[in-house]
Protein chains: 2
Amino acid sequence: MTHDPRLTSALDATPLDSDVYGRRHVIEDVYPTVDAGRYPVKRIVGAPVDVWADIFRDGHDVTVAALRWRREGERGWWTAPMLHVENDRWHGTFVPVELGRHVFAIETWTSGFATWRRDTLAKQKAGQDIALELKEGRALVAAALPRAGDTAGKLQAALHRFDAGEDAGPLLAADLAAAIAAVEPRPDLTWSQAFPMMIERARARAGAWYELFPRNETDDPARHGTFDGVVARLPDIAAMGFDVLYFPPIHPIGTTNRKGKNNALEAEPGDPGSPYAIGAAEGGHDAIHPALGTLDDFRRLVAAARGHGLEIALDFATQCSPDHPWIKQHPEWFRWRPDGSMTSAENPPKKYGDITNPDFYCAERVALWQALRDVVLFWAEQGVRIIRVDNPHTKPFPFWEWMIRDVQARFPDLIFLAEAFTRPKPMKALAKLGFSQSYTYFTWRTGKDELSAYMAELTRHPEREYFRPNFFVNTPDILPYHLQGGEPWMFKSRLALAATLAGSYGVFAGFELLEHVPLAPGKEEYLDSDKYEIRPRDWNAPGHIKDYIAMLNGVRRANPALQQTSNFAFAPVDSPNVIGFVKESVGRDNVVATAVALAPGRHDVWLHVGDMRIGPEGARRPVRAVENLVTGEWRLIEWGGVRLSIDADHDPAVILRCVA
Amino acid sequence: MTHDPRLTSALDATPLDSDVYGRRHVIEDVYPTVDAGRYPVKRIVGAPVDVWADIFRDGHDVTVAALRWRREGERGWWTAPMLHVENDRWHGTFVPVELGRHVFAIETWTSGFATWRRDTLAKQKAGQDIALELKEGRALVAAALPRAGDTAGKLQAALHRFDAGEDAGPLLAADLAAAIAAVEPRPDLTWSQAFPMMIERARARAGAWYELFPRNETDDPARHGTFDGVVARLPDIAAMGFDVLYFPPIHPIGTTNRKGKNNALEAEPGDPGSPYAIGAAEGGHDAIHPALGTLDDFRRLVAAARGHGLEIALDFATQCSPDHPWIKQHPEWFRWRPDGSMTSAENPPKKYGDITNPDFYCAERVALWQALRDVVLFWAEQGVRIIRVDNPHTKPFPFWEWMIRDVQARFPDLIFLAEAFTRPKPMKALAKLGFSQSYTYFTWRTGKDELSAYMAELTRHPEREYFRPNFFVNTPDILPYHLQGGEPWMFKSRLALAATLAGSYGVFAGFELLEHVPLAPGKEEYLDSDKYEIRPRDWNAPGHIKDYIAMLNGVRRANPALQQTSNFAFAPVDSPNVIGFVKESVGRDNVVATAVALAPGRHDVWLHVGDMRIGPEGARRPVRAVENLVTGEWRLIEWGGVRLSIDADHDPAVILRCVA
């Protein structure tokens with residue numbers, strides 16, 4: 001019919017193979033996903049996972065959809081129905097019951113029988129002759145028989161009854177339709193891609209962290225603290241209501257280029273050095289600083305902490321001191337300079353002569369990456385199930401993605417916290433690739449506007465699916481400006497914000513004592529930093545706010561709404577100096593409204609929570625009353641809110657349980 | 001070191017292979033993309049494509065990125081640099097110079113030399129000894145030599161000068177850095193996925209369409225019109241300024257169950273039938289209705305139209321009349337009922353006995369899909385380069401995706417318009433999978449709010465990347481309620497809206513005569529529809545608005561801003577009865593502000609365009625004056641806008657060219 005070479009050529013730009021046909025249905029805009037399935041969404045074991053997707057096909061036939069999920073590597077899939085909501089949007093839900101990597105997918109197909117039944121009922125209603133349609137329906141029932149299994153009897157009974165009387169009833173019965181739905185052929189079955197999901201334990205989402213240097217647990221700066229000293233301190237920490245006790249590195253410390261007090265380039269005799277200069281003659285990342293105790297002492301400490309409801313978190317810092325055993329055992333893992341010297345860590349023109357980083361892209365990288373992974377496995381075997389990673393943003397992303405996944409395949413209850421104080425996108429990238437939790441900018445966010453903007457960013461989609469914040473009020477590295485005045489109301493305000501805004505939050509020891517002296521004016525670092533010396537303290541020094549911490553942690557433990565971050569909404573407050581917000585538990589059975597003063601003194605404000613609807617899906621009602629979780633006082637909602645009188649100097653926070 | 005089976009097992013959940021290392025850089029949030037690259041973005045040949053992405057890696061080394069693109073199937077890639085903008089966001093741009101499917105990708109790598117140079121300059125500035133650094137730099141230059149090609153001389157000269165004097169100068173020179181950047185090793189080169197792109201000609205984005213039934217081009221309803229009659233009519237259509245002349249199906253029409261006038265179930269003798277009942281003894285989809293003329297006549301018509309600046313668009317409707325040759329030649333392509341009768345198209349309880357649809361998922365589907373594709377190829381060979389597809393949403397999406405791609409691989413200048421009046425998501429799915437243009441809901445959107453909401457939806461991301469609207473004011477099937485009053489201002493208002501809001505818009509013949517009588521009260525269909533009878537008209541009947549159409553199309557042709565849809569912004573107008581908006585050409589060299597009255601009578605309004613900045617990137621300035629494109633009058637912007645006095649009964653639109 002033609003001579004145009006474009007018509008007669010063998011060119012077939014898009015081969016017409018079975019894959020083309022197998023996409024009759026469109027499945028798109030799937031929620032929850034991160035970067036179209038490139039990274040896992042994060043959920044907690046035992047908590048429902050809601051899945052939404054646009055699902056449709058051409059024409060008007062009846063579409064059916066199901067949600068499928070399984071643990072990664074398993075063969076069978078679990079199944080739950082999906083239902084059409086509106087405008088081609090479907091919804092389904094399931095509850096993962098195991099820890100570890102999972103995937104979910106959506107399958108959808110056309111129900112030939114349901115389509116036939118809907119159309120035949122319409123024709124019957126319109127008074128049309130449906131004799132031919134019934135014959136077609138009979139054929140559909142017969143086609144479903146081979147896979148019918150237990151329901152074969154029901155199908156056969158319908159066929160017999162129809163064959164006996166040619167009456168429409170048996171074929172059009174609703175229960176026959178239900179039976180056939182499960183077993184009829186699905187010639188145009190369409191699957192979505194499989195979307196990954198990390199299922200973790202609840203501690204990944206929420207916990208109150210306390211950080212201390214074990215070597216400080218002594219009463220004499222000349223005597224190195226021990227794990228036994230930490231054991232003695234556990235009741236005090238547990239009484240404050242913390243869940244996690246986190247230690248900076250506990251390994252032998254190098255002597256070459258050891259730092260002195262206040263980060264001096266040269267140490268004095270007796271200076272203990274920075275625990276981050278990991279490795280010495282006594283061992284490297286899998287060894288314990290001899291002055292702290294033995295591995296058995298450490299195991300005893302882990303067990304004793306567990307007895308106090310505390311979990312131990314260890315630090316994982318990949319750098320090595322020049323005295324680390326690996327430097328000699330594996331020189332191929334490090335970069336060397338033309339004069340044979342070691343390349344030390346630097347941020348030109350600054351140099352950090354007491355540490356060097358392994359070269360993650362060296363020729364022997366497979367062995368290096370596995371050795372680093374084995375360090376984490378070693379501590380996991382000692383009972384550690386939380387790892388805080390030091391500066392992950394300066395090591396390759398693929399290393400973390402591989403390592404976390406590999407470790408969690410063995411220890412699915414292991415939680416990783418990323419300490420990456422860097423630009424927003426690398427921080428988010430680390431969270432996406434698998435870190436359970438992340439340090440944040442909260443440490444420097446103080447104004448109502450900037451706190452609001454930051455919370456909005458962390459709780460929106462897609463961040464809420466993968467970025468779990470851990471709000472530290474201070475760290476050994478950071479004494480933020482706003483704490484340097486030492487004002488108790490400010491320390492309390494920061495504590496209350498951290499403890500109620502984020503599911504996880506943290507305090508570095510000394511905060512409860514209102515420690516606030518900077519290294520120098522204009523510096524956000526501590527004077528006499530714990531990183532470079534042994535600093536015993538009087539943990540009951542006058543002015544401490546341990547009771548306030550205990551109160552906040554008690555409220556957190558009693559209210560699941562505060563044990564998560566994403567179910568968050570701002571509550572209007574008529575003052576720029578008070579921030580208000582409401583959080584609802586994942587199970588929707590607990591709702592807490594909080595107002596926190598951001599300035600000292602008295603604040604008479606109006607907290608608007610009355611417009612909010614709370615409670616289980618389908619039965620959500622407006623908030624009607626609130627219970628003050630500290631005083632126990634009950635208040636009814638009037639004119640859409642409650643009037644609060646906050647005395648920030650006494651307690652900058654009001655925490656209210658809302659009931660409908 | 002352990003006995004825990006989790007440590008000693010061979011389990012390696014994530015194999016540590018080269019693919020893990022090859023992702024050192026993160027490339028994410030790439031724009032423009034549709035569904036993460038599942039579907040192509042659409043662009044016009046010769047117009048710049050701006051690409052944005054977040055690009056970063058661990059640490060602080062200097063990252064370099066480039067944009068790569070090529071026509072699909074070609075081997076070589078074109079390259080353009082990408083530059084960092086801010087916050088890890090990078091930008092690059094390129095201009096596709098050929099039609100057809102393209103892909104673009106991003107590559108990024110670390111510049112070891114640039115990193116070394118930056119760090120060494122910092123150390124030099126701080127007064128440090130850089131002798132060792134210079135040796136390291138020398139090694140980097142030497143490593144770049146093997147790939148240096150034309151620049152090898154430059155590199156060698158720098159090495160010689162350094163070796164002679166050990167002076168920093170030659171190694172730290174900026175021009176050496178530039179030379180090495182292009183040739184140094186890229187050990188951690190990371191590629192993004194390849195993102196697809198459809199590059200089409202400008203007509204895919206913009207055109208004024210005129211639709212007529214060729215059989216009407218006669219002066220006697222008893223005498224079937226002909227292609228020669230259409231040729232005679234071309235000057236009239238060209239004078240109105242249209243770009244595209246579109247015909248409903250021109251094929252032989254079936255006689256079995258032929259429809260009569262006004263969609264009567266039985267035809268009277270002499271009734272011509274619906275052109276959508278395709279196929280008869282004279283032939284099927286590749287035949288011409290004998291009364292219209294011959295294939296030669298058609299080719300002459302295509303050529304004559306081209307002579308008037310008009311392009312012919314044909315209809316592609318896959319359904320067949322019971323008399324279509326395929327029914328006998330290929331019974332395996334159709335579905336048959338238990339009594340041996342043909343399955344006719346239906347929407348139960350409604351039936352369409354004059355047509356049946358092929359069964360796209362029949363056993364012989366490969367042959368069927370290819371035969372349908374060949375129909376399009378046949379008309380392409382006759383010179384047709386625009387295909388309007390009838391009801392694509394009731395045929396499988398994979399068919400369209402395959403067919404359009406396959407046809408465009410041969411005829412990359414072929415444009416497809418989807419006539420899918422259905423739910424929003426299937427409409428968008430068709431646009432995503434490859435239709436160049438789409439019919440829209442504009443036909444029923446009348447209020448300022450609903451027009452605004454719809455335009456916002458179509459011009460936002462991602463719709464703007466794939467959904468090109470074609471705004472029809474009426475169609476043979478649709479006489480919307482608002483036209484049924486026959487008011488000239490309303491016809492003009494709808495024309496002006498369609499012609500200025502959307503790059504493409506369309507008119508079905510008779511609109512210019514203000515035809516407005518519905519089939520029955522409450523129906524949005526025409527009485528005596530052209531679909532079922534031959535309806536000659538007096539194209540110069542009193543009251544016609546052909547001059548108004550000519551004026552609008554003239555303004556469109558002279559102003560590239562109106563030849564696209566996406567570069568669109570609302571301009572505030574202080575009246576709910578007047579809508580205002582501004583469009584800027586893709587080249588940013590033409591800006592048009594339009595105000596259109598949505599109610600009859602006089603409207604004194606204020607059009608705010610003074611806040612808008614226009615012109616080329618980097619030199620955008622506020623609008624300072626406007627030229628009325630109809631009257632030629634110039635006005636300066638005062639108080640941020642211009643006051644307009646619109647007499648809707650005379651001309652409901654004011655169209656202004658903006659200058660900075």
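Numbers restart at 1 for each chain; the letters A, B, ... are given by sequence-line order, proteins then strands.
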Counting heavy-atom pairs under 4.5 Å to chain A, which of B:Asp61, B:Asp29, B:Asp119, B:Asn347 comes out on top?
B:Asp119
Against chain B, work out which of A:Val26, A:Leu430, A:Asp339 has the most heavy-atom pairs shorter than 4.5 Å and name it.
A:Asp339
Over all atoms of both residues, closest heavy-atom pair of A:Arg24 and B:Pro396:
NH2-CG, 3.8 Å
As a quick check of understanding, evaluate salt bridge (charged side-chain N to carboxylate O under 4.0 Å, His left out) for B:Asp88 and A:Lys425, giving each step before the final call.
CA-CA 7 Å; B:Asp88 295 316; A:Lys425 287 166 190 173; over 6 Å; no
Between B:Lys123 and A:Glu346, does the side-chain contact (heavy atoms from CB on, under 4.5 Å) criterion hold? Intermediate values first, please.
CA-CA 11 Å; B:Lys123 292 171 189 172; A:Glu346 62 177 23; 3.0 Å; yes
Rounded at 0.5 Å granularity, tell me how far CZ in A:Phe399 sits from CG in B:Asp58.
11.5 Å
Please report the interatomic distance OG1(B:Thr110) to OH(A:Tyr361), rounded to the nearest 0.5 Å.
9.0 Å
Given the options A:Leu132, A:Asn391, A:Val407, which has more heavy-atom pairs under 4.5 Å with chain B than any of the others?
A:Leu132
Checking heavy atoms, do the side chain of A:Ser341, its backbone, both or neither come under 4.5 Å from chain B?
side chain
Which heavy atom in A:Pro349 sits nearest to a heavy atom in B:Gln128, and how many Å separate them?
O-NE2, 2.8 Å
Closest heavy-atom contact between A:Phe56 and B:Pro426?
CE1-CA, 3.7 Å
Of all heavy-atom pairs between A:Pro398 and B:Arg23, which one has the smallest distance, and what is that distance?
CG-O, 3.2 Å
Highest number of heavy-atom pairs under 4.5 Å with chain B: which of A:Arg118, A:Glu136, A:His60?
A:Glu136
Under 4.5 Å heavy-atom distance to chain B, tell me which part of A:Lys125 shows up: side chain, backbone, both or neither.
neither
Derivation of the salt bridge (charged side-chain N to carboxylate O under 4.0 Å, His left out) call for B:Lys432 and A:Glu28:
CA-CA 12 Å; B:Lys432 285 181 186 176; A:Glu28 61 184 18; 3.0 Å; yes
Between A:Met403, A:Gln408, A:Glu133, who has the most heavy-atom pairs with chain B when the cutoff is under 4.5 Å?
A:Glu133
What distance do B:Arg57 atom CZ and A:His393 atom NE2 have between them, rounded to the nearest 0.5 Å?
12.5 Å
Residues which pass side-chain contact (heavy atoms from CB on, under 4.5 Å) with B:Asn357, listed by chain and number, not counting sequence neighbours
B:Thr318, B:Gln319, B:Lys395
Step through the shown structure and confirm whether more than 12 heavy atoms of other residues, nucleotides or ligands are within 6.0 Å of CZ on A:Arg335.
no
